[in-house]
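See below for the structure under consideration.
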Number of protein chains: 2
Amino acid sequence: MSHNTDSETEKLIKEAAKKVFFSQGKIHANMQEIADEAGVNRALLHYYFRNRERLLLVILEEAMIDSHQVMIKVLTSNMSLEDKIKSTIDYMIDRFIDYPYMQAFIINEVTNNENSRLLHERHIAPFFNQLLEEIEKLIKQNNLAHKNSKQFLINLMSLMHYPLISKKIISNIFNYSDDEYKQFIMDRKEIILNVMLQRKN
Amino acid sequence: MSHNTDSETEKLIKEAAKKVFFSQGKIHANMQEIADEAGVNRALLHYYFRNRERLLLVILEEAMIDSHQVMIKVLTSNMSLEDKIKSTIDYMIDRFIDYPYMQAFIINEVTNNENSRLLHERHIAPFFNQLLEEIEKLIKQNNLAHKNSKQFLINLMSLMHYPLISKKIISNIFNYSDDEYKQFIMDRKEIILNVMLQRKN
DNA sequence: TTTTTGTTTAACAAAAATGTTAAACTTTGT
DNA sequence: ACAAAGTTTAACATTTTTGTTAAACAAAAA
């Protein structure tokens with residue numbers, strides 16, 4: 001690599017790490033593998049991020065912000081119920097179809113690393129209260145079949161995230177190519193909406 | 001530990017490994033941590049399982065069999081549609097409430113280990129065809145809102161597995177104790193059934 | 001042109017994890 | 001009592017990964 005200006009290389013490395021962790025799901029990836037993916041020397045990773053833990057924490061924080069801003073942005077907008085849910089699903093899937101293992105990474109970090117859990121608790125969790133209030137309003141206003149906003153939220157998250165996390169499993173059991181898997185996920189946009197709104201599909 | 005007969009220690013070690021991986025979600029756990037959990041010497045793990053990879057493959061295979069036998073057993077029984085789905089959900093949750101990260105382990109292994117993927121492809125994936133046929137029958141016979149058996153299956157799996165995998169996330173955002181989390185999951189038995197059958201709850 | 005910044009290389013130290021081995025000890029069965 | 005099987009201990013070799021450093025090099029900026 002030839003002399004990138006300022007923080008562009010930092011970004012390059014972060015993107016490489018995200019590719020390895022979020023796209024390829026290589027949860028045990030070491031510094032060398034990330035350096036290879038970035039096409040730079042391993043020493044450069046330490047130059048920018050000091051150590052492995054910090055690099056992971058940085059991309060974790062960006063993933064958390066990414067992931068949860070999606071929902072808050074759409075759900076606090078001025079749309080109808082259907083459009084809010086629809087936009088959330090559409091945007092989430094479009095945004096993360098190429099990062100299927102991002103949620104798995106977040107889950108794993110929060111589960112296994114106390115610092116990551118604190119990061120989640122401080123920066124992410126508080127916003128969920130806001131989100132739950134919003135969902136409760138939706139349920140009342142639209143007389144939804146679901147009554148419990150927490151369960152509603154987890155249902156939605158389950159239907160969106162699990163099929164991404166289990167990309168390999170799904171491809172394996174249905175014998176899907178990458179394109180077929182992608183189509184399967186795209187088809188879910190409408191299906192998830194219908195399930196959440198209790199409609200036929 | 002004092003002189004266990006035959007394969008009882010083997011079992012003890014496997015149970016310890018399952019506790020570490022499936023209950024605690026410590027996906028990066030090393031041999032020493034597993035030995036500690038089992039209360040035996042690390043050398044004993046090698047004595048019984050030769051190396052780390054084999055130990056993991058053994059508990060992976062048992063987990064796969066466990067996990068998928070649940071569905072096939074219930075879904076090919078003589079019950080009504082509602083009871084089949086209900087039994088599947090009930091049994092799955094009861095069986096794996098204490099192994100919330102089992103699915104995460106399977107997913108991770110299949111994603112990152114070629115041998116694990118082959119194990120899945122050879123022993124587990126074929127049974128899904130059987131399962132899909134069963135689901136298609138159910139959909140036709142009961143005129144279900146869902147028409148696509150594959151999407152139906154993934155919906156069900158999502159609603160069951162994701163909330164277990166994200167135990168820590170859920171506990172974090174809802175500020176749940178272990179008991180409260182458990183109750184939240186137990187409440188889902190009915191909720192998942194209602195969502196899958198498009199009923200009010 | 002000189003200086004600064006970014007980057008590579010290579011070598012190294014240190015730590016962590018894995019896998020192996022031999023010896024001793026304990027329990028069980030014969 | 002003896003043998004066999006199970007288990008522990010401790011030491012060791014090997015491998016892998018991490019983190020550090022110094023020197024050289026390239027490109028941009030001054």
Side-chain angles (χ1 to χ4, degrees), chain A residues 1-22 24-61 101 105 108-109 111-116, chain B residues 1-22 24-61 101 105 108-109 111-116:
Chain A
M1 275 292 119
S2 54
H3 204 269
N4 276 314
T5 152
D6 227 16
S7 57
E8 264 182 32
T9 305
E10 200 174 318
K11 208 176 227 169
L12 173 76
I13 294 171
K14 286 194 293 185
E15 290 310 310
K18 288 177 183 176
K19 216 179 245 176
V20 169
F21 289 117
F22 302 166
Q24 302 166 16
K26 292 182 186 162
I27 210 162
H28 303 289
N30 60 31
M31 296 297 264
Q32 188 61 59
E33 290 176 76
I34 299 169
D36 289 348
E37 180 67 41
V40 301
N41 197 278
R42 185 173 65 90
L44 205 55
L45 272 63
H46 289 97
Y47 175 79
Y48 278 106
F49 297 95
R50 191 167 206 84
N51 59 38
R52 188 178 194 275
E53 202 184 353
R54 287 203 188 195
L55 170 56
L56 263 66
L57 213 59
V58 167
I59 67 164
L60 174 69
E61 186 161 23
Y101 302 106
F105 183 86
N108 186 62
E109 280 300 303
T111 303
N112 287 295
N113 185 306
E114 183 60 13
N115 288 330
S116 300
Chain B
M1 274 293 118
S2 53
H3 204 269
N4 277 313
T5 153
D6 227 16
S7 57
E8 263 182 33
T9 305
E10 201 174 318
K11 209 178 227 171
L12 174 75
I13 293 171
K14 286 194 292 186
E15 290 310 310
K18 288 177 182 177
K19 215 179 245 174
V20 169
F21 289 118
F22 302 166
Q24 301 165 17
K26 292 181 186 162
I27 210 162
H28 303 290
N30 60 33
M31 297 296 265
Q32 188 60 59
E33 290 176 77
I34 299 169
D36 289 348
E37 180 66 41
V40 301
N41 196 280
R42 184 172 66 89
L44 205 56
L45 271 63
H46 289 98
Y47 174 78
Y48 278 107
F49 298 95
R50 191 167 208 84
N51 59 38
R52 188 177 194 275
E53 203 183 353
R54 287 202 189 194
L55 170 56
L56 263 66
L57 214 59
V58 168
I59 69 164
L60 174 69
E61 188 162 22
Y101 303 107
F105 183 87
N108 186 63
E109 280 300 303
T111 302
N112 287 294
N113 185 306
E114 183 61 13
N115 287 331
S116 301

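Residues forming a side-chain hydrogen bond (donor to acceptor under 3.5 Å, both in side chains) with A/Asn112 (at least two apart in sequence, or on another chain): A/Asn108. With sequence neighbours excluded, the residues forming a salt bridge (charged side-chain N to carboxylate O under 4.0 Å, His left out) with A/Glu15 are A/Lys18, listed by chain and number. Remark: A/Lys14 pairs with A/Glu62 by the salt bridge (charged side-chain N to carboxylate O under 4.0 Å, His left out) rule, at least two apart or across chains. Taking A/Phe22 as the reference, A/Tyr99, A/Phe105 meet the ring-ring contact (aromatic ring centres under 6.0 Å, His included) condition, with sequence neighbours excluded. Not counting sequence neighbours, B/Thr111 has no partner by the side-chain hydrogen bond (donor to acceptor under 3.5 Å, both in side chains) test.
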| Where each pair must be Watson-Crick or G-U wobble with both distances under 3.5 Å, what dot-bracket representation of DNA chain D is obtained, with crossing pairs in [ ] and other-strand partners as |? | ||||||||||||||||||||||||||||||
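Of the candidates D/dG6, C/dT8, C/dG6, C/dT8 carries the atom nearest the A/Asn41 side chain, counting heavy atoms from C-beta on.
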Between side-chain atoms of residues 34-41 of chain A and protein atoms elsewhere (two or more places apart, or another chain), which donor-acceptor pairs fall under 3.5 Å?
unit_1	atom_1	unit_2	atom_2	d
A/Asp36	OD1	A/Gln32	NE2	2.9
A/Glu37	OE1	A/Gln24	NE2	3.4
A/Asn41	OD1	A/Ala43	N	2.9

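Across the protein-nucleic acid pair, B/Leu44 atom CG and C/dG19 atom P stand 15 Å apart, rounded to whole Å. The nearest whole Å value for the distance from the CD atom in A/Glu8 to the C1' atom in D/dA27 is 14 Å. In this structure, A/Asp36 places its CG atom 12 Å from P of C/dT9, rounding to the nearest Å. Taking atom CG on B/Leu45 and atom C1' on D/dG6, their separation rounds to 14 Å, with Å as the unit.
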N/O to N/O distances under 3.5 Å, protein versus nucleotides 18-20 of chain D:
unit_1	atom_1	unit_2	atom_2	d
D/dT18	OP1	A/Arg52	NE	2.9
D/dT18	OP2	A/Met31	N	3.1
D/dG19	OP2	A/Arg52	N	3.0
D/dG19	N7	A/Arg42	NH1	3.0
D/dG19	O6	A/Arg42	NH2	2.9

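The shortest distance between the side-chain N/O atoms of B/Tyr47 and the OP1/OP2 oxygens of D/dA5 is not below 4.0 Å.
Closest approach of A/Leu45 and A/Met31 over heavy atoms only: CD2-O, 3.5 Å. Between A/Ile27 and A/Phe21, the closest heavy-atom pair is O-CE2, 3.9 Å.
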